[in-house]
K.L.:
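The structure's right below; bear with me while I get my questions together.
Because the structure is a prediction, the values reported are computed rather than measured.
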Amino acid sequence: MTGAFRGFGLSILTLTILGGCAATPSSDTQQTQTTQTTQASTQVTLATPPKVDQPLTLKQIMANPDWMGILAKGEYWSDDSQSVYFARQAHQSPLLDYYQQPLASGEASKLALDALHQADQQYGVLDEARSRKAYIYQGNLFVKDLLSGKVSQLTRQNTKVDGVRFLANGDIAYWQGQQVFRIHGDSGLYEQIANIKMAKEPKGVEAPSSYIAKQQHRLIQYVALKQNQAKEKEQYQAELVKQDPTMTAKTWYLGEEESVSQMSLSPDGRYLLLSLVDKNYSWRAEHDIMPNYLGSQGYVDAVPARARVAEDKYPGERLVLLDLERHEKRDITIEGLTGFDEDVLASVKAENAKAQGETYKSEKAPRRVQLMQDWGWTQSAMQWQAKDNKVAIMLEAVDNKDRWIATLNLKSGSLNTEHRLHDDAWVNYNFNQFGWLPQSDTLYYLSEETGYSHLYLKASGAKPQPLTQGKYVVSDITLGPKAEYIYYKANKDHPGIDNVYRVKLADGQSEQLTQWDGQLDYSLSPDGSKLLLKASRRTQPSELYVQAIGGELKQLTHYTSDAFKQYAWQAPEVVKVPSTHGAGDVYARVYLPQGYDKARADKYPAVIFNHGAGYLQNAHYGFSGYFREFMFHNLLTQQGYVVMDMDYRGSKGYGRDWRTAIYRNMGHPEVEDLKDGVSWMVANTHVDAKRVGTYGGSYGGFLTFMALFTEPELFQAGAALRPVSDWAHYNAPYTSNILNTPDVDAIAYERSSPIEHAQGLQKPLLVMSGVLDDNVFFQDSVRLVQRLIELEKPMFETAIYPVEPHGFRQPSSWLDEYRRIFKLFEQELK
């Protein structure tokens with residue numbers, strides 16, 4: 001259905017090579033890659049694509065999708081802004097091929113394995129003059145001179161480098177595990193400036209304390225002599241470390257109860273900010289396993305799996321500041337966070353207590369906090385001003401109700417709240433980018449406080465200044481290289497259409513930079529002169545484009561296959577479905593039957609597709625990530641169906657209130673929207689209300705359950721794929737946002753879990769699950785099936801897929817799954 005920043009991110013190039021090619025001998029890598037790719041291409045033939053003048057078949061559209069084109073992915077700019085890097089994955093190959101495409105020639109060239117270390121990297125850090133770039137590749141540290149293009153490798157070790165930064169004076173600092181190093185630019189000296197051990201500090205030479213020990217030292221001269229000598233050596237070594245400038249810094253012993261989650265070094269290298277977490281916390285317990293019935297050795301393998309929200313007790317994190325110059329440690333208190341001790345769940349706890357015949361008494365107490373865990377960013381939640389020792393930290397409450405941006409007093413270790421974002425439901429795990437404007441005390445950040453994600457500036461001690469306003473969503477902000485503009489993506493013209501804008505910091509004026517009519521993602525070139533776009537339309541998969549600021553759009557890649565482009569795909573109409581439940585308009589995609597005739601005697605059957613993830617947008621003008629479903633919906637229209645795909649409440653792209661409408665009530669507002677969707681189709685597309693089915697996967701499978709269980713007359717049949725049946729068994733990071741936790745809010749879980757409503761099933765239901773699903777466990781379906789058996793419900797069937805995870809991989813599994821869905825609809829709706 002649905003991570004967290006840990007040090008500096010690696011490019012897709014680096015990550016994939018680390019995972020796939022690291023063990024290949026360097027002398028044979030080029031030939032090995034070529035051989036593997038060739039074998040993969042010759043052993044497997046692409047599926048026969050659909051003919052332009054022929055109807056679609058399930059086998060065609062559920063085949064390996066490479067016939068649609070081997071598209072570019074992981075795209076990013078070269079350091080000189082003159083070319084673009086991206087990856088492609090040859091048909092059936094387990095490996096990626098990497099390309100560089102210069103803008104001038106327009107011809108992409110594949111990179112050889114022995115040249116990958118010379119390729120520009122997507123992620124890295126620049127020095128103040130923007131003349132050098134430091135980055136991590138294959139776990140080692142590199143520096144590139146951006147003027148000459150020379151690349152220097154600074155480490156070659158088996159122990160990977162976790163993070164790197166330039167210091168204010170141009171030195172380079174990097175860290176490996178719990179050790180921090182500094183490379184002095186003037187002398188080339190490698191200095192270890194911090195060595196952290198999560199252990200108790202060793203005891204020094206101890207004076208005798210017991211009667212027997214004191215007697216031993218008093219009566220036996222040799223014992224006393226050795227004691228005195230040991231003490232003198234200890235004192236000498238301590239004084240030597242203090243006075244001898246050639247000695248390594250003292251070790252930090254931070255106790256054995258915690259582990260380091262993240263670290264961040266100040267611009268002058270003096271301060272090290274650490275986030276610590278209880279070392280006994282684990283993402284799983286011993287019983288959290290997933291059985292693989294088709295293990296490679298012929299036995300059942302017990303695969304480790306995540307904990308469930310009902311058992312996952314995340315303890316939060318604790319901040320510690322180390323002064324490396326004075327060797328002083330400061331524990332950072334959270335009292336400076338506005339509302340740090342509020343009982344934000346008081347009303348929820350009172351409601352649950354009342355249901356149990358008890359009374360809840362609200363009391364203030366410090367809340368558990370952690371560094372912000374945005375699920376989409378690559379930045380750190382600890383942001384230092386580029387030259388000064390100023391740091392801003394983004395923290396969130398473990399209860400999901402607050403997000404703070406706070407500055408840290410380095411002398412006292414206290415936090416000062418610069419901005420508090422509170423949400424009675426939950427703070428979004430997207431739209432949390434923030435940072436400093438250069439050489440100032442002003443922060444920029446995204447916030448949903450008005451109901452939509454918008455961009456703000458805030459000087460220390462001053463009120464926030466909005467740079468964008470309106471009923472649209474701002475995301476993906478980029479500070480320009482000269483800090484004159486902040487670039488952003490927004491859906492100003494329509495919730496389903498993206499474009500790129502920039503706002504001038506001097507006067508707050510925004511200007512639109514692109515004129516796209518679908519969906520896109522963008523990347524600003526390092527020199528700030530061009531945009532790299534990955535853009536799509538409803539029937540056009542994503543391709544790469546380049547647009548100079550103020551210039552014309554130029555298509556860079558043409559990898560969509562002719563077979564796909566030439567087929568007469570139906571572009572779904574994006575419509576607004578009026579809500580009869582006070583929700584305003586619900587956006588939806590609608591596909592009409594081939595040869596649609598609203599005056600014909602027989603009314604049409606219809607299908608509603610429920611997208612997954614919950615918080616996801618699919619009723620937009622771009623090419624859907626559900627490309628198989630897009631083709632399946634085209635197939636259904638050829639068979640005489642109307643198809644609707646709704647962005648029910650809870651979906652992305654429509655602001656905070658739409659997102660949080662499902663708080664403590666999952667599956668109910670969404671089903672209300674589905675009811676309005678059926679009514680709209682009946683009124684506008686000549687649909688028979690008694691011949692409508694529904695299907696969806698993951699959250700869409702959950703929603704299929706809830707629709708059939710709670711509104712049994714709404715749909716005549718439903719198919720639930722990889723579905724959630726009990727939210728207490730899903731993961732904590734996702735579920736606790738929406739339903740709190742079961743120990744606090746049992747009412748919300750019982751109200752929102754399909755297994756609690758299974759007695760309402762009256763119409764045919766198809767349940768399909770992958771046995772190796774480590775996202776929504778196969779156990780979810782097993783428990784629901786047993787519940788239906790005990791309820792003596794005869795109208796359900798199941799299908800299992802023994803080798804499949806949450807996202808199916810085998811074309812044969814996709815084909816089997818959709819054959820069953822199509823058969824269900826043909827039997828029950830025609």
Side-chain angles (χ1 to χ4, degrees), residues 1 58 61-62 591 605-614 618 624 626-637 639-646 648 667 670-671 674 677-678 681 690-725 754-755 757-758 760-771 773 775-776 778 780-782 784-785 787-788 793-801 804 806-808 812-830:
M1 281 182 44
L58 283 169
I61 65 177
M62 295 300 155
Y591 302 76
V607 169
I608 290 186
F609 169 66
N610 307 310
H611 68 68
N618 205 41
S624 175
Y626 291 96
F627 59 88
R628 290 184 180 87
E629 287 76 5
F630 162 76
M631 293 188 288
F632 181 55
H633 297 162
N634 268 259
L635 181 150
L636 287 176
T637 64
Q639 301 299 319
Y641 291 84
V642 174
V643 182
M644 176 175 278
D645 173 2
M646 300 192 80
Y648 48 78
E670 305 98 301
V671 171
L674 298 184
V678 172
M681 289 192 294
K690 297 300 183 182
R691 291 195 294 154
V692 183
T694 189
Y695 85 103
S698 195
Y699 197 100
F702 150 75
L703 194 48
T704 299
F705 280 157
M706 292 297 282
L708 266 64
F709 294 171
T710 65
E711 292 287 343
E713 296 304 317
L714 181 60
F715 296 112
Q716 307 311 303
L721 295 60
R722 54 194 78 82
V724 175
S725 68
I755 199 168
H757 306 278
L761 179 65
Q762 297 179 19
K763 301 295 174 60
L765 168 66
L766 180 58
V767 182
M768 295 177 285
S769 299
V771 175
D773 192 334
N775 185 349
V776 179
F778 179 58
D780 264 54
S781 293
V782 171
L784 182 72
V785 164
R787 175 70 174 146
L788 293 173
K793 297 289 184 179
M795 67 288 292
F796 76 93
E797 293 184 356
T798 63
I800 65 169
Y801 299 89
E804 295 297 352
H806 193 63
F808 283 15
S812 56
S813 299
W814 283 105
L815 177 60
D816 183 90
E817 185 178 47
Y818 276 78
R819 276 177 172 167
R820 295 175 188 274
I821 297 170
F822 183 64
K823 180 180 179 181
L824 174 71
F825 292 154
E826 288 286 277
Q827 288 179 341
E828 304 299 333
L829 306 181
K830 283 295 188 75

K.L.:
I would like to know whether N618 and E629 meet side-chain contact (heavy atoms from CB on, under 4.5 Å); could you show each step before the answer?
P.N.:
CA-CA 11 Å; N618 205 41; E629 287 76 5; over 6 Å; no

K.L.:
Between atom CG of L635 and atom CG of L58, what is the distance when rounded to the nearest 0.5 Å?
P.N.:
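Spacing of CG (L635) from CG (L58) equals 5.0 Å.
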
K.L.:
Mind jotting down which residue pairs meet the salt bridge (charged side-chain N to carboxylate O under 4.0 Å, His left out) criterion with at least one end in residues 691-708? Sequence neighbours excluded, please.
P.N.:
D688-R691

K.L.:
Does atom CD (E797) have a neighbourhood of more than 12 heavy atoms from anything else shown, all under 6.0 Å?
P.N.:
no

K.L.:
At what distance, to the nearest 0.5 angstrom, does CG of L636 lie from NE2 of H633?
P.N.:
6.5 Å

K.L.:
Sequence neighbours excluded, which residues qualify as side-chain contact (heavy atoms from CB on, under 4.5 Å) partners of E804?
P.N.:
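E804: side-chain contact (heavy atoms from CB on, under 4.5 Å) contacts with Y801, F808, R809, Q810, S813.
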
K.L.:
Tell me, do F715 and L674 make a side-chain contact under 4.5 Å, heavy atoms counted?
P.N.:
yes

K.L.:
For S725, what residues pass the side-chain contact (heavy atoms from CB on, under 4.5 Å) criterion, not counting sequence neighbours?
P.N.:
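Expected list: F705, D780, L784.
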
K.L.:
When rounded to the nearest 0.5 angstrom, what distance separates CG in D816 from CH2 in W814?
P.N.:
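Output value for this atom pair is 12.5 Å.
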
K.L.:
Within the 4.5 Å heavy-atom criterion, are L766 and Y695 side-chain neighbours or not?
P.N.:
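L766 vs Y695: side chains apart.
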
K.L.:
Are any of the side-chain heavy atoms of E713 and Q762 separated by less than 4.5 Å?
P.N.:
yes

K.L.:
Parallel under 30°, tilted from 30 to 60°, perpendicular over 60°: which one fits the rings of Y648 and Y699?
P.N.:
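Judged by the thresholds at 30° and 60°, the geometry between Y648 and Y699 is parallel.
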
K.L.:
Between L765 and L788, does the side-chain contact (heavy atoms from CB on, under 4.5 Å) criterion hold? Intermediate values first, please.
P.N.:
CA-CA 11 Å; L765 168 66; L788 293 173; 4.3 Å; yes

K.L.:
Report the residues that fulfil side-chain contact (heavy atoms from CB on, under 4.5 Å) with E711, sequence neighbours left out, ordered by chain and then residue number.
P.N.:
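For E711, the residues satisfying side-chain contact (heavy atoms from CB on, under 4.5 Å) (neighbours in sequence not counted) are V671, K675, L714.
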
K.L.:
Within the structure provided, determine whether F609 and F632 are in side-chain contact (heavy-atom separation under 4.5 Å).
P.N.:
no

K.L.:
Is any side-chain heavy atom of L703 less than 4.5 Å from a side-chain heavy atom of T694?
P.N.:
no

K.L.:
Which pair of non-hydrogen atoms, one from G701 and one from A720, has the smallest distance, and what is that distance?
P.N.:
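Residues G701 and A720, closest heavy atoms: O-CB, 3.6 Å.
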
K.L.:
What residues form a side-chain contact (heavy atoms from CB on, under 4.5 Å) with D773, not counting sequence neighbours?
P.N.:
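Expected list: R722, N775, V776, H806.
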
K.L.:
Run the side-chain donor-acceptor check on residues 822-830: report pairs under 3.5 Å with partners two or more places apart or on a different chain.
P.N.:
residue: E826; atom: OE2; partner: Y641; partner atom: OH; Å: 2.6
residue: E826; atom: OE2; partner: K830; partner atom: NZ; Å: 3.1
residue: K830; atom: NZ; partner: Q639; partner atom: O; Å: 2.9

K.L.:
How long is the straight-line distance from CG of L761 back to OG1 of T710, given to the nearest 0.5 Å?
P.N.:
11.5 Å

K.L.:
Under the 3.5 angstrom rule, does the side chain of K763 hit a backbone N or O of G718 as a donor-acceptor pair?
P.N.:
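Answer holds: no.
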
K.L.:
So which atom in H757 and which in F709 form the shortest heavy-atom distance, rounded to 0.1 Å?
P.N.:
O-CB, 3.3 Å

K.L.:
Of all heavy-atom pairs between M768 and P723, which one has the smallest distance, and what is that distance?
P.N.:
O-CD, 3.7 Å

K.L.:
Kindly give the heavy-atom pair with the smallest separation between M681 and V692, and that separation in Å.
P.N.:
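Heavy atoms only, the tightest pair is CE-CG1, 4.3 Å.
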
K.L.:
Taking all non-hydrogen atoms of both residues, which atom of L708 and which atom of P764 are closest, and how far apart?
P.N.:
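Shortest heavy-atom separation between L708 and P764 comes out as CD2-O, 3.7 Å.
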
